[in-house]
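Read the structure below first, then the notes.
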Protein chains: 2
Amino acid sequence: MEKQHNLSKNQKIIFDLIDKSPEPLKAYSILFNVQKKGINAPLQVYRALDKLVEIGKIHKIESRNAFIACQNSSCQISKATAFSICESCEKVSEINNLKLSKYLSNFEDDSGMRYNKYNLEFFGLCKKCKSK
Amino acid sequence: MEKQHNLSKNQKIIFDLIDKSPEPLKAYSILFNVQKKGINAPLQVYRALDKLVEIGKIHKIESRNAFIACQNSSCQISKATAFSICESCEKVSEINNLKLSKYLSNFEDDSGMRYNKYNLEFFGLCKKCKSK
DNA sequence: CTTACAAATGTTATATTATTACATAATGTT
DNA sequence: AACATTATGTAATAATATAACATTTGTAAG
Ligand SMILES: [Zn+2]
Ligand SMILES: [Zn+2]
Ligand SMILES: [Zn+2]
Ligand SMILES: [Zn+2]
């Protein structure tokens, strides 16, 4: 059972913005958009983002320095994330593929490392951009 | 057959530095280290880094904003990269696992996207840090 | 050799992303 | 109430990355 996190005021404002957005949002674009709600400083945004990432409500797209709402209810606390990124239109989607996540969560090699988390980003052309 | 790239002066200086380093290097740490060789500006570093990434001699560790020399001669032009990252000591290694790369290179889902590139980062504790 | 083109360099300024430090307030627990 | 934990507010600054423009070097054709 997932622990229920009650978002604080700033966390809720920022999560709602990201959740409604059709595309990943960057921190300073978020800042600009929430200034009318009384969030004035970068740090207020980054603190909320950190917390939201920590509890798995959003993910950071590392190659883009941008944030997207989790679209995968079974994504346990951001420990196993995979995304598809269109290099033409920059559309990003979270991949929800049980076989893939099982394969990667169980991945082991001879390095002696225990992996407890991964992040995977696929790049290519989305359906739309392919047909142009 | 791989195309042979003759590195330019700056590219060579910066590649040699990264190649000798036991850990991923950040752009401004590189800049600091090559100033005695006449490279004075961030842009000179970033341009060399961009080129080295493009031709597959180095990779960017996205979650760390740092660069590491390719340790995998069969890594075709940075189109299929996987790394292990220790969250304690920050040791980073390139994973060279044929099964993994085949699995990911052939990955398809129902999104209609054609993937031509991926980057995977595993996180955990390395052997050393596990036993502490 | 010289013309032409592509790639790389040098330099200055600036944009973008993220954190440190410190003070205060709200929330949850005993 | 007392205490700990989490969140907020604010200012300053650090770290990462790119834009714009002028110049030079490398390469290949004619
Ligand atoms: Zn998710
Ligand atoms: Zn697209
Ligand atoms: Zn490689
Ligand atoms: Zn370690």
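Per chain, numbering begins at 1; letters A, B, ... match sequence-line order. No experiment lies behind these values; they were computed from the predicted model shown.
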remark   = Under a 4.0 Å heavy-atom criterion, the protein footprint on nucleotides 16-25 of chain C, written with B, S and -, is -BBBBB----
request  = Can you tell me the distance, in whole Å, between the NZ atom of B:K37 and the P atom of C:dT9?
outcome  = 14 Å
task = Side-chain contact test, heavy atoms from C-beta onward, threshold under 4.5 Å: evaluate it for B:L49 versus B:I30 and give yes or no.
result = yes
message = Whole angstroms only, please: what is the CD-C1' distance between B:Q11 and D:dG26?
response = 12 Å
inquiry  = Tell me the interatomic distance from A:I39, atom CD1, to D:dT10, atom C1', rounded to whole angstroms.
reply    = 14 Å
query = So which of B:N119, B:I68, B:L25, B:T81 actually passes side chain to side chain contact (heavy atoms under 4.5 Å, CB included) with B:I61?
reply = B:I68
query = In whole angstroms, how far is the P atom of D:dT25 from the CG atom of B:N10?
reply = 13 Å
ask   = Can a side chain N or O of A:K9 be found less than 4.0 Å away from OP1 or OP2 on D:dG9?
value = yes
Side-chain donor/acceptor of A:K57 to backbone N/O of A:D19, under 3.5 Å = no
query = Less than 4.0 Å between a side-chain N and a carboxylate O, is that true for A:E121 and A:R64?
reply = no
inquiry  = Please check: side-chain N/O of A:E94 versus main-chain N/O of A:Q71, any donor-acceptor pairing under 3.5 Å?
reply    = yes
Gap between atoms CG and P, on B:L7 and D:dT25 respectively (whole Å) = 19 Å
message = Need to verify one output field. Residue with the more 5' nearest nucleotide on DNA chain D, A:A41 or A:K51?
response = A:K51
inquiry  = At less than 4.0 Å, is any side-chain N or O atom of A:N6 found next to OP1 or OP2 of D:dT6? Yes or no.
reply    = no
ask   = In whole Å, what is the span from the CD atom of A:Q35 to the C1' atom of D:dT10?
value = 14 Å
key: Salt-bridge criterion met for B:K20 and B:D16 (N-O under 4.0 Å)   = no
task = Indicate whether the side chain of A:S8 and that of A:N10 have a donor and an acceptor atom separated by less than 3.5 Å.
result = no
ask   = Nearest-Å distance, CG (A:N40) to P (D:dA11)?
value = 9 Å
task = Report yes if at least one side-chain N or O of A:Q44 is closer than 4.0 Å to OP1 or OP2 of D:dG9; otherwise report no.
result = yes
task = Using a cut-off of strictly less than 4.0 Å, decide whether A:S8 has a side-chain nitrogen or oxygen near OP1 or OP2 of C:dA26.
result = no
query = B:L31 CG to C:dT9 P: how many Å, rounded?
reply = 15 Å
